2 protein chains.
Amino acid sequence: MSDPKVNELMEKVVSLCKRRGFIFPSSEIYGGINGFWDYGPLGAELKRNVKELWWHSMTRHREDVVGLEATIIMHPQIWRASGHVDTFSDPMSDCLLTRKRFRSDQIEPQSGTAYHYTGAQDAVSGKCVDEPYAVLLPAGKPPESARKIANQFYQARGLGQVELQGERAEKVENSQRFNPDNGSLLTEPRPFNLMFKTYVGPVPDEDNVAYLRPETAQAIFVQFKNVLDSSRQKMPFGIAQIGKAFRNEVTPRNFTFRSREFEQMELEFFIKPDEVVEALCGTVAKPAGPGHPGEPRPDWGWQLWHQYWVEERIRFYGEIGLPRESLEEYWQKPEELAHYARATVDLLFKFPFGTQELEGIAARSDFDLSQHERFSGKSQAVFDEELRTAWAKLAEERRQALWQRYHDARHQYLTKAGVPAQQAEQDAREDADGLARGQYIPHVIEPSAGVDRLILGLLTHAYGEVTTTDAKGKTATEVVLRFHPKVAPIKVGVFPLLKNKPELVAKAREVFGLLRSEMAVFYDEAGSIGRRYARQDEAGTPFCVTIDFDTLGETPELKDTVTIRYRDDGRQERLPIAGLKAHLLPLVR
Amino acid sequence: MSDPKVNELMEKVVSLCKRRGFIFPSSEIYGGINGFWDYGPLGAELKRNVKELWWHSMTRHREDVVGLEATIIMHPQIWRASGHVDTFSDPMSDCLLTRKRFRSDQIEPQSGTAYHYTGAQDAVSGKCVDEPYAVLLPAGKPPESARKIANQFYQARGLGQVELQGERAEKVENSQRFNPDNGSLLTEPRPFNLMFKTYVGPVPDEDNVAYLRPETAQAIFVQFKNVLDSSRQKMPFGIAQIGKAFRNEVTPRNFTFRSREFEQMELEFFIKPDEVVEALCGTVAKPAGPGHPGEPRPDWGWQLWHQYWVEERIRFYGEIGLPRESLEEYWQKPEELAHYARATVDLLFKFPFGTQELEGIAARSDFDLSQHERFSGKSQAVFDEELRTAWAKLAEERRQALWQRYHDARHQYLTKAGVPAQQAEQDAREDADGLARGQYIPHVIEPSAGVDRLILGLLTHAYGEVTTTDAKGKTATEVVLRFHPKVAPIKVGVFPLLKNKPELVAKAREVFGLLRSEMAVFYDEAGSIGRRYARQDEAGTPFCVTIDFDTLGETPELKDTVTIRYRDDGRQERLPIAGLKAHLLPLVR
């Protein structure tokens, strides 16, 4: 955030968003609420388009994915199973003087001299406070400043006339243990859970605690069996969901990039474990190299499915206007992976404030369903008749090898989950024995995207400025949002050349009516055509159509034609009204 | 809910919803969470279709409404301005013995004899508890039962061997003051706020309280000025929003009808006050009679706008499959209206459990914007150049009359809002003086619909059973969901006659591919055609297309034609594949 150019671009985008109704601060007339943003008329349409495209690419255009729309508040036990209750937290420290709270790992490191005290005594009453305390001063500042602050600290603990005890000075380098504002010692870092908490039902006690979901994924896992039983899907298949999620971020930042209320588009694609694939197909196909592996095949294991989804997601971004070159693929290193993850690829985008994650595509093994099986006591295994048949036909040696590999993976999971050794061994054996009956717990590939950061990516990627010089040498700079037509909130601007010629207006309204049954169209008759182009450029509208006197037949061969102007290159062409819809539809869908 | 037939239909619908993946209990593998429901694959599509149709009918197909997508968590002050913090509550009473909480006004009335006690004393220690208590017994039960319960009550307050004091028996009729389970006295009813509460930021104190919105409407009001400033809309115009809302209902009930997390589709349509309309047009048009008043005109006041929106909403329901006859229009009586409302119409639907509200269309005066103006200190007035000009030209008498009416309405609002008399008078005068400068606070018409109850209405309205008797005299009952094609989750089922004929399958896949770029299509090759029809009937699919040997050219004149079967009347017709899309598109959109 230190590059002024960067701040300048972000400032321009934020200001454009407000001015044109893409994004407003939430509750702005009340001074706003930190970490919450509203989408205005253009923003709401942009966001709807993106979600609609994701949803259709995931569900309607595939036969192996179905949708789900679950609640934000779910049974709290879900967040124990997922690990969020125990580990979804940031370290926090409080100032011992002012109680101000800091995110411990984001405190600007301080250097200087720390003055430590073992306690203090009241010079009048003799009362003692044993609590140790310390104040950090920048190099060169006299110890008196530290003593003054320490006095305040002990006064707050009931002493009147403070006599500090056991003063000791110490050189400190890059410490995050002191309040950068006043030098006061902070409390030890404590975990602060990022889930918003509330109570469901009339009694606000511990039995009724509930959380606002911090991700949409868990709803998919807990409804996996219901969806499987009701949708006639067979393994492998996926469940897609779009919805709000909430994280009580300590420091929301970078406009909508890290906010407290946001929206996710998540797919959980359930696959057969490699041992099952091998039992069925005799082998598990290996990736042939980088790039898209093509149409899914039955002999794909988790690696190919993972590669497939990485490439599918990159293709999706390309289709909505973020080409492969604008993205970075980051393969997490083994030491960065969550313990249950086999591989995770982050798709990064170069935001003005840094290259940051748009989406993560994780191969999460059978961790999630296994956790919910353990915590709910409900089997999450699927039954696969083909596996049962294939298993019976396997050569004994192969069967044993697959049994062992499946057993070992289950054993590893159970052990890491803290199941006692004997129980883990027994459960792992039972799980592996299930293969012979055609039973297994599916693995999962999870492409998980953030809607709001994608919208922000689209906005910053689309943002451009065009400087023009008029005949008098006067220059003007205008903003152009070069949205892909598929995501653009308005697809077409329709203008009569002049607003005071009823025939032009009538014809323009006719064209407007013709198009708007199929796409979002904006009718504008105010100001010069150039001004109207500029307004639409700023809204990201890819096409403008002008109805002029030639449309009305002034030049007979041009009767019932209009001028279409293309936003990105300013090109204009003449098209018959009759062919307009057919010309535009494939461009905007 | 006492009619067994009613329960039977609801049970059938609930069971179908689970079986076919329309609606599942949230968190079911964890035993569920009361008042929360998830939409499965078919339900999610049904709901998306309904929301999409509402959104398009409100925004794309109108030039005078724009969209908004605001956050669920907003500044808490908003809920003070709206009145929700103070008055959005149910009365609750706790059992003095078990602490169980009841909604006071929903307790089943009890009759019998109440045994009152003034207090009790410990026979051993002599300790006294002065707290009065009472127990209600049904007629004929001996007082000993009451004494036993009273003993428990005083024991819980620290007495060992209880000696009850001042027993007094009293006949009681239809009282809601006692726990129906054990007869124990309840606490006095206390208001229980229905908003879910949480804390935003790292410190969970009163400064950081926030609420999950109990309605989407307020977000529209607080962003009114931002939308007006950024969207190039002029009065009158509307802002539409779809989104989740939350109410901590004490007794969620009737499946998804009254749940704790639900979705709303709300429009706030901002209009000029009647005084402004009259200043501009010389008169305010009066409703000519019942029915749709036609295209909006500049001389419409709130009455015609209200009537217009009632009729528009009824039209909408008709278009998605709930005809006018299935709805009831309920005009709230003057004594039922909220104090700020000028008129409210509830659109009711005959659910199996009773005739209940689907949507309310309220004329809310300028109450909402006025409240936010007072609470935020930010002017919510609009400026209207035409009004300024017109006002200057008004005859003095007319001007005075309009000034007075506007003044009186503002004065009435301010007084009801609790503004002290002198201040109210001064503010009302200033507001009325604003008219001359072209300034006023808009009034609003609010059509507010619940998505989930509409989905439930569509499901119960569509539900039907067809009993067929086969050649052997065996009868079978099958479910048909007669959804309007526009809302149906799947529009077309595509079947090859036989799955083991590659040419049939290839052709069917071709037809499937042709249609699915434009609509939701389901390909099915399993089982007899009759079975496949039945499966689609149950999912509410309006059309099924079968590819047979004639399609392949067995009967040359039928080559490349298919059989289309209509769900509702079982009619079948032969159509060329080339014309299929064009035939279906207007039916499903």
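In what follows, every chain begins at residue 1, and chains take the letters A, B, ... in the order their sequences are listed. If you're wondering where the values come from, they're calculated on a predicted model, not measured in any experiment.
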Does any backbone or side-chain atom of [X] lie under 4.5 Å from a heavy atom of chain A? Answer side chain, backbone, both or neither.
X: F22(B); value: neither
X: N248(B); value: side chain
X: W55(B); value: side chain
X: K225(B); value: neither
X: R260(B); value: side chain
X: D94(B); value: neither
X: I72(B); value: both
X: Q218(B); value: neither
X: E45(B); value: side chain
X: E373(B); value: neither
X: T251(B); value: neither
X: R99(B); value: neither
X: H372(B); value: both
X: F102(B); value: neither

Identify which part of [X] has an atom lying under 4.5 Å from any heavy atom of chain B, answering side chain, backbone, both or neither.
X: R247(A); result: neither
X: M74(A); result: both
X: E52(A); result: both
X: F196(A); result: both
X: P252(A); result: neither
X: T59(A); result: side chain

Could you check N34(B) against F36(B) for side-chain contact (heavy atoms from CB on, under 4.5 Å), going step by step and ending with a plain yes or no? CA-CA 6 Å; N34(B) 192 13; F36(B) 296 87; over 6 Å; no

What residue in [options] has the most heavy-atom pairs under 4.5 Å with chain A?
options: E263(B), K100(B), R535(B); result: R535(B)
options: G21(B), S26(B), P25(B); result: S26(B)
options: F522(B), Y523(B), F512(B); result: F512(B)
options: A81(B), G67(B), A526(B); result: G67(B)
options: A210(B), G43(B), A44(B); result: A44(B)
options: V200(B), V66(B), N193(B), I29(B); result: I29(B)

Check: T198(B)/T198(A) side-chain N/O donor and acceptor closer than 3.5 Å: no

Got a salt bridge between K47(B) and D452(B), using NZ or NE/NH1/NH2 to carboxylate O under 4.0 Å? yes

Given side chains that start at C-beta, do those of [X] and [Y] come closer than 4.5 Å, heavy atoms only?
X: F24(A); Y: V227(B); value: yes
X: L46(A); Y: E69(B); value: no
X: I455(B); Y: Y39(B); value: yes
X: F375(B); Y: Y30(A); value: yes

K244(B) backbone acceptor or donor facing R213(B) side chain under 3.5 Å: yes

Between P204(A), A70(A), P202(A), which shows the greatest number of heavy-atom pairs under 4.5 Å with chain B? P202(A)

Options M519(A), R589(A), Q241(A), ranked by heavy-atom pairs under 4.5 Å with chain B, top entry: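 Greatest number of close heavy-atom pairs with chain B: M519(A).
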
Looking at [X] and [Y], what are the two nearest heavy atoms and their distance?
X: E525(A); Y: R532(A); answer: CA-NH1, 3.4 Å
X: V494(A); Y: A508(A); answer: CG1-O, 3.5 Å
X: W54(A); Y: S57(A); answer: O-OG, 3.0 Å

What verdict does the side-chain contact (heavy atoms from CB on, under 4.5 Å) test give for F221(A) and I78(A), after you've listed the backbone C-alpha separation in whole Å, the side-chain angles of each residue and the deciding distance to 0.1 Å? CA-CA 10 Å; F221(A) 296 123; I78(A) 289 169; over 6 Å; no

Enter the distance from [X]:[atom1] to [Y]:[atom2] here, rounded to the nearest 0.5 Å.
X: S231(B); Y: K234(B); atom1: OG; atom2: NZ; result: 12.0 Å
X: Q536(B); Y: I490(B); atom1: CD; atom2: CD1; result: 5.0 Å
X: Q223(A); Y: D38(B); atom1: CD; atom2: CG; result: 4.5 Å

Flag yes if more than 12 heavy atoms outside K378(B) fall under 6.0 Å of its NZ atom; otherwise flag no.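 Count over threshold, so yes.
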
